[in-house]
Protein chains: 2
Amino acid sequence: MKSAKNRDGQIAATVTRISTAGLRVTGARQSIIEILIDAKTPLSVDELEAKSSGRFDLVTVYRTMEVFVDKGIVDRILLEDGKSLFALADAHEHSHHIICRECHKTERIEFCMGGELERYASSRGFSNLSHTIEVFGVCVSCKKSAKAELCE
Amino acid sequence: MKSAKNRDGQIAATVTRISTAGLRVTGARQSIIEILIDAKTPLSVDELEAKSSGRFDLVTVYRTMEVFVDKGIVDRILLEDGKSLFALADAHEHSHHIICRECHKTERIEFCMGGELERYASSRGFSNLSHTIEVFGVCVSCKKSAKAELCE
DNA sequence: TTTCCTGCAAAATGTTTGCAAGGCA
DNA sequence: TGCCTTGCAAACATTTTGCAGGAAA
């Protein structure tokens, strides 16, 4: 079963990253990781808590996400309204996303022109740079269901 | 006095846009516009309220920003932490920004590769697209004062 | 054993809503 | 005049903090 193997591998890899970062591998953190992996789409703090079945508290989610983002273990994805979603970070690649406004299904964007942007910013005297690039839209399946609803 | 003329012109133009959008030109709205023009840097809702000298309420700022963003009269700039700032929108140009993390001084980025991004998203089946691109850094003067502080 | 994490409760923030009064067109 | 806006108060939602008990290393 390839996918299960991948899942286990992903869990193991992330556990390693947690402990390498000098953090403790606790039950709550493992559960959060599993939920993130299984969701296959970025989740908000309360979605995470909702899927916890009482295994951890909302406060723990806030605190965990803060540390994980800080250590680069998860990515924070900022929605247009300022809310954020979290997804397991790719171990090595810096990337951006296309996010469905309805279901939050997310695809990585392979190319990143952040370098150009930062070079430009640098030439304007800015230092300590970072950037955010996100594309929002409606994915195929959400579009279909919206259409179906209209035609009912 | 060229700059004063520009200021008046900018006010007048924005007032026109408000009324063209079918909105009423009220005292609160005019004050908000003037504050935004004079600030020369994007402001948060509470910064706006703080500069109001009691001419309008915080709630009015929220409601006004909502309508103005909706009508394209102001731009919402999302910070890395999910908070937002508001700036008068350029009447015609779509653009992005370099924002100083410390003082929020902002420069427009002339080029926008949103087209490419959206074309790619479109090829992946997404519709109804939009995008956010922002670059964050520390501007020259904030960097200087940080250094000065260190060397005190 | 020591230090880090967690849950609970509560505080602090930030944002939205309802409603009556007032202002713009 | 009629409808849009506003302010105030209060409801709501979201995020942060303090602290004591429990768990990882």
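Chain A is the first sequence line, chain B the second, and so forth, proteins listed ahead of strands; every chain is numbered from 1.
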Rounded to whole Å, how long is the line connecting atom [atom1] of [X] with atom [atom2] of [N]?
X	N	atom1	atom2	value
B:Glu47	C:dG14	CD	C1'	15 Å
B:Leu58	C:dT13	CG	P	14 Å
B:Leu48	C:dT15	CG	C1'	15 Å
A:Asp46	D:dT16	CG	C1'	16 Å
A:Asp81	D:dT14	CG	P	10 Å
B:Leu23	D:dC3	CG	P	17 Å
A:Ile32	C:dG7	CD1	P	9 Å
B:Arg55	D:dT5	CZ	C1'	17 Å

Practice item. Output all residues satisfying salt bridge (charged side-chain N to carboxylate O under 4.0 Å, His left out) with B:Glu80, sequence neighbours left out; order by chain, then residue number. Key: B:Arg101
Looking at [X], does any N or O in its side chain come under 4.0 Å of the phosphate oxygens OP1/OP2 on [N]?
X	N	result
B:Arg29	D:dT5	yes
B:Thr26	D:dT6	yes
B:Tyr62	C:dT15	yes

**Study point:** Hphob cluster co-occupancy, A:Ile99 + A:Val140, side-chain heavy atoms under 4.5 angstrom
**Key:** no
Review point. 5'-most contact on DNA chain C: B:Val25 or B:Arg63, nearest heavy atom basis?
Key: B:Arg63
**Study point:** 5' precedence on DNA chain C between B:Arg24 and A:Phe56 (nearest-nucleotide basis)
**Key:** A:Phe56
Exercise for review: Please name the pair of heavy atoms, one in B:Ser31 and one in B:Arg55, separated by the smallest distance, quoted to 0.1 Å.
Suggested key: OG-NH1, 3.6 Å
Proximity to the side chain of [X] - top-ranked nucleotide from [options]:
X	options	result
A:Asp57	D:dT5, C:dC8, D:dA9	C:dC8
A:Thr64	C:dC5, D:dT5, C:dT6	C:dT6
B:Lys83	C:dC19, C:dA25, C:dG14	C:dG14

Exercise for review: Run the salt-bridge test on A:Asp90 and A:Arg108 with the 4.0 Å N-O cut-off and return the result as yes or no.
Suggested key: yes
Review point. With side chains defined as the heavy atoms from C-beta onward, is the minimum distance between B:Met113 and B:Ile133 less than 4.5 Å?
Key: yes
Review point. For the helix from C:dT1-D:dA25 to C:dA25-D:dT1, what is the angle between the axes at its two ends, each from 5 pairs, rounded to 10°?
Key: 50°
**Study point:** Selection residues 42-72 of chain A - residue pairs positive for ring pair (Phe, Tyr, Trp, His ring centres under 6.0 Å), sequence neighbours left out
**Key:** none
Check your understanding: To the nearest 0.5 Å, what is the distance between CG (A:Leu48) and CG (A:Leu85)?
Key -> 9.5 Å
